[in-house]
Amino acid sequence: MMDDAVLLISELCANAVQHSESGKPGGLFTVHAEVYEGEYVWAEVGDCGGLWAIKDDRDGRGHGLDIVREIAAEWGRDGDPVTGWVVWFRLDWPGSDVSGTARLVDKGQRDIP
């Protein structure tokens, strides 16, 4: 489970640097993670905002949000281009009863048990 958390956090960090103002000189991003042992892992990555640079799908690169969608129980994006984006996810603990299919929660909502 922790390997999955590290993978998803790294994908979101890569997205912040590649697609937002965080990838420019002086840019930064933040990572926040919480482990609720036996229940779930919660993590989020915040960027510096800006209009996200959309890359051509034919570039042969991975697609980080597809990976997040596949592995996370739930994920979402809050914020805007001015204040910055925060992309977050929840991974349910194996064997916990908080499982379900991955879903995107709309901006501003966090539906965490």
Side-chain angles (χ1 to χ4, degrees):
M1 175 165 174
M2 290 305 132
D3 288 344
D4 287 343
V6 170
L7 171 65
L8 298 187
I9 290 169
S10 68
E11 290 293 341
L12 296 183
C13 291
N15 281 351
V17 171
Q18 185 174 6
H19 298 293
S20 79
E21 299 290 319
S22 295
K24 294 186 176 178
L28 57 93
F29 62 89
T30 60
V31 177
H32 178 85
E34 298 177 19
V35 177
Y36 297 91
E37 193 166 341
E39 296 181 36
Y40 61 90
V41 172
W42 170 272
E44 60 187 35
V45 174
D47 67 31
C48 287
L51 297 176
W52 271 40
I54 305 302
K55 303 293 183 192
D56 186 346
D57 284 351
R58 297 169 295 183
D59 63 6
R61 293 185 145 163
H63 300 275
L65 290 181
D66 291 338
I67 295 169
V68 173
R69 240 186 308 284
E70 184 67 28
I71 296 175
E74 197 166 62
W75 71 282
R77 182 179 77 173
D78 300 325
D80 59 53
V82 175
T83 62
W85 297 104
V86 175
V87 182
W88 57 268
F89 67 84
R90 188 189 82 226
L91 286 174
D92 291 336
W93 208 267
S96 71
D97 61 357
V98 188
S99 63
T101 58
R103 64 187 182 104
L104 170 65
V105 176
D106 291 333
K107 177 181 168 186
Q109 297 178 348
R110 290 192 177 161
D111 185 21
I112 301 300

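All residue numbers refer to positions in the sequence shown, counting from 1.
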### Message
Does Ile9 form a side chain to side chain contact (heavy atoms under 4.5 Å, CB included) with Phe89? I'd like the steps, not just the answer.
### Response
CA-CA 9 Å; Ile9 290 169; Phe89 67 84; 3.8 Å; yes

### Query
Quick one: which of Tyr36, Trp75, Trp88 gives a ring pair (Phe, Tyr, Trp, His ring centres under 6.0 Å) with Trp42?
Trp88

### Query
Looking at Ile67 and Glu11, what are the two nearest heavy atoms and their distance?
CD1-OE2, 3.5 Å

### Query
Hey, does the side chain of Ser20 reach the backbone of Ala16 with a donor-acceptor pair shorter than 3.5 angstrom?
yes

### Message
Tell me which pairs pass salt bridge (charged side-chain N to carboxylate O under 4.0 Å, His left out) where either residue lies in residues 23-32, with sequence neighbours left out.
### Response
Glu21-Lys24

### Task
Just jot down the side chain to side chain donor-acceptor pair (under 3.5 Å) partners of Thr30, sequence neighbours excluded, or say none.
none

### Task
Only counting residues at least two apart or in another chain, list the ones meeting salt bridge (charged side-chain N to carboxylate O under 4.0 Å, His left out) with Asp3.
none

### Message
My understanding is that only residues two or more places apart in sequence, or in another chain, count here; which of them pass side chain to side chain donor-acceptor pair (under 3.5 Å) with Glu37?
### Response
none

#### Entry: Donor-acceptor contact below 3.5 Å, side chain Asp47 vs main chain Trp85
yes

### With Ala14 via side-chain contact (heavy atoms from CB on, under 4.5 Å) - residues at least two apart
none

### Summary
dist Arg77:CZ -> Leu12:CG (nearest 0.5 Å) comes out at 12.0 Å

### Query
Taking all non-hydrogen atoms of both residues, which atom of Leu28 and which atom of Cys48 are closest, and how far apart?
O-SG, 3.0 Å

### Task
Sequence neighbours left out, what passes side-chain contact (heavy atoms from CB on, under 4.5 Å) with Val35? Give chain and number order.
Met2, Val41, Trp93

### Query
Would you say the side chain of Val68 lies within less than 4.5 Å of the side chain of Val87, judging by non-hydrogen atoms?
no

### Message
Could you check whether any side-chain heavy atom of Leu8 comes within less than 4.5 Å of a side-chain heavy atom of Leu91, counting everything from C-beta outward?
### Response
yes

### Query
Do Tyr40 and Val6 share a hydrophobic cluster (ILVMFWY, side-chain heavy atoms under 4.5 Å, transitive)?
no

